Number of protein chains: 2
Amino acid sequence: MAVSARRGAPLTLEEISTTALRLMDEGGVEGLSMRKLAAELDVNPMSLYHHVESKDALVRLICSTAAQRMDLPPDDGSPWQDQLRALALGYYRNALAHPAMWSHLHNHPEIIADRNLVIWQALYRILRLAGVPEPEQRRTSDVLHAFVMGYVIAGTKGHLPGDPEEIERGFDTAIRLITGGLAGWSR
Amino acid sequence: MAVSARRGAPLTLEEISTTALRLMDEGGVEGLSMRKLAAELDVNPMSLYHHVESKDALVRLICSTAAQRMDLPPDDGSPWQDQLRALALGYYRNALAHPAMWSHLHNHPEIIADRNLVIWQALYRILRLAGVPEPEQRRTSDVLHAFVMGYVIAGTKGHLPGDPEEIERGFDTAIRLITGGLAGWSR
DNA sequence: TCCATAGCCATACACCGTATGGCTGACGCT
DNA sequence: AGCGTCAGCCATACGGTGTATGGCTATGGA
């Protein structure tokens, strides 16, 4: 039904999202504009609004599907310290892949507030494994996430010294430190 | 020399900064516009550019002077653990006073990259007191700042459960945990 | 065959940051 | 006293933004 002027197929939400994400990767959230996005898709800017309610909604959509699709290490039965480190490192690497998107996400935490998200489910599982009592899980997870978030921000803005591997090692060290503190705490 | 149409005195950088900060407090960085700021000061938008190079430069100025003027606890001779907790809490409270500004700051860490800033000087002093070896100070301070930054973000976005005092107690607990880990680490 | 409607687009509005260039009046100097 | 300099301010304009509104068009179902 009235497909675009010079495109074969009609627009797809998927298509819109992926090229929008690319534009965000290249120029940050403010580097993404509906007009540029439309140009990239060879379409009139207003056509996008038939698939998306607003720019904000689009960005939110991108962020939340990325959060849902994060690929994180599965439960491999290893000690909780190792699993926690692996999870944190997984988060960190996911974030490094799309710094601008995660930057936006960290400025709008409500997007990943849903506790059914894979990250939180995995984190809670590990905390249970670590023996963190039920009522402490929320706060503990918040603290851990706060640190990971902060490290991601510092890392992606290029304000951590050393090469990437060194930075990852520093991250790992810090997580060890915190898990150490955690263990001491529950005792 | 050709003072404004309807103002007695000429504009001041101080005056510009403070009302700009107020606008940021009210509507975030994107809620601050040169036009609104000018209207607030009863002045033509372009007049601002005689005192400030750009909006970006203005925001940067506000952030860095706020960083310089942070009021933080002095060296009171108490154990490093207490001083570190006090410093972190001081940072947290400074940030809570102007969430939008600090949000911007955390997205542009280069503004507070200068290691001569009071925060870093105080932090380094405490780390020395804690016996953190010289070459480890940078990384340690980065880790600590990462956590504080993350907690501030989560806290200011209202995504930590509980009332403010409860949140502060959680923060304190977390800092204790980390300092505990730190102590165990240096041994 | 007809029509509802999905998909697309043209135009327009209100906002943004800011480049450019001109006005005005207070000051220093002779 | 006369004059030039220039700080301070402003009017206009340009190119960008998100998006409201309303109209076109071709396709699927009845």
Side-chain angles (χ1 to χ4, degrees), chain A residues 1-63 100-101 103-104 107-108 111, chain B residues 1-63 100-101 103-104 107-108 111:
Chain A
M1 324 130 165
V3 141
S4 165
R6 24 103 327 290
R7 293 169 40 90
L11 275 179
T12 309
L13 203 55
E14 198 58 32
E15 191 184 5
I16 293 178
S17 300
T18 58
T19 75
L21 178 55
R22 181 165 53 79
L23 289 186
M24 278 183 57
D25 285 345
E26 292 167 2
V29 186
E30 62 280 10
L32 162 67
S33 90
M34 299 304 270
R35 291 170 142 96
K36 280 189 215 157
L37 177 56
E40 204 79 15
L41 293 168
D42 232 330
V43 139
N44 184 284
M46 290 314 291
S47 302
L48 298 172
Y49 287 88
H50 246 267
H51 304 262
V52 152
E53 191 187 324
S54 66
K55 175 183 174 178
D56 208 67
L58 172 58
V59 173
R60 212 161 41 229
L61 174 73
I62 294 173
C63 287
M101 195 204 73
S103 175
H104 179 84
N107 276 259
H108 299 268
I111 300 178
Chain B
M1 323 134 167
V3 140
S4 163
R6 28 102 327 291
R7 290 170 41 91
L11 275 179
T12 309
L13 202 55
E14 198 58 32
E15 190 185 6
I16 293 177
S17 300
T18 59
T19 76
L21 178 55
R22 180 165 54 78
L23 290 185
M24 278 182 58
D25 285 343
E26 292 166 4
V29 186
E30 62 280 11
L32 162 67
S33 89
M34 298 304 270
R35 290 170 142 98
K36 279 188 218 157
L37 177 54
E40 204 79 16
L41 293 169
D42 231 331
V43 140
N44 185 284
M46 291 313 291
S47 301
L48 298 171
Y49 287 87
H50 246 265
H51 303 263
V52 152
E53 192 186 324
S54 67
K55 175 183 175 177
D56 208 68
L58 172 59
V59 174
R60 211 163 41 229
L61 174 73
I62 294 173
C63 288
M101 195 204 74
S103 176
H104 179 83
N107 277 259
H108 298 269
I111 300 178

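All heavy atoms count here, side chains included; hydrogens, waters and symmetry mates do not. Please read all numbers here as calculations on a predicted model, not as lab measurements.
Under 4.0 angstrom from either OP1 or OP2 of dC9(D) there lies at least one side-chain N or O belonging to His51(B). At dG8(D), none of the side-chain N or O atoms of Ser47(B) fall inside 4.0 Å of OP1 or OP2 (strictly under the cut-off).
At a threshold of 4.0 Å, the pair Glu26(B)-Arg22(B) counts as salt-bridged, since one of the basic side-chain nitrogens sits closer than that to a carboxylate oxygen.
Residues His50(A) and Pro45(A) both approach DNA chain D. Their nearest nucleotides, taken by heavy-atom distance, put Pro45(A) toward the 5′ side.
For Tyr49(A) and dA20(D), the OH to P distance is 7 Å, given to the nearest whole Å. Remark: C1' of dG21(C) and CE of Met46(B) are 10 Å apart, rounded to the nearest angstrom. In this structure, Leu48(A) places its CG atom 13 Å from P of dA20(D), rounding to the nearest Å. Note: CG (Leu13(B)) to P (dG8(D)) measures 11 Å, nearest angstrom. What separates CG of Asn44(A) from C1' of dA20(D) is a distance of 14 Å, to the nearest Å. Taking atom CG of Asp42(B) as the reference point, atom P of dC9(D) lies 12 Å away to the nearest angstrom. The interatomic distance linking Glu53(B) (CD) with dG17(C) (C1') rounds to 13 Å, in whole Å. Summarising the geometry, the separation between CD on Glu30(B) and P on dT17(D) is reported as 17 Å, rounded to the nearest angstrom.
Minimum atom distance to the side chain of Ser33(A) is reached by dG18(D), of the listed dG18(D), dC9(D), dG17(C).
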For this session: Check step by step if side chain to side chain contact (heavy atoms under 4.5 Å, CB included) holds for Leu48(B) and Leu11(B).
Result: CA-CA 8 Å; Leu48(B) 298 171; Leu11(B) 275 179; 4.2 Å; yes
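Across all non-hydrogen atoms, the minimal contact from Ile111(A) to Cys63(A) is CG2-CB, 3.9 Å. Shown here for Leu61(B) and Ser17(B), the closest heavy-atom pair between the two residues is CD2-OG, 3.7 Å.
Judged by distance alone, with hydrogens and angles left aside, Arg35(A) brings no side-chain donor or acceptor close enough to the base of dG16(D) to form a pair under 3.5 Å.
Leu58(A) comes within 4.0 angstrom of no nucleic acid atom, judged by non-hydrogen atoms across all strands.
Atom-to-atom distance recorded for Leu23(A):CG and Glu40(A):CD is 5.0 Å, nearest 0.5 angstrom.
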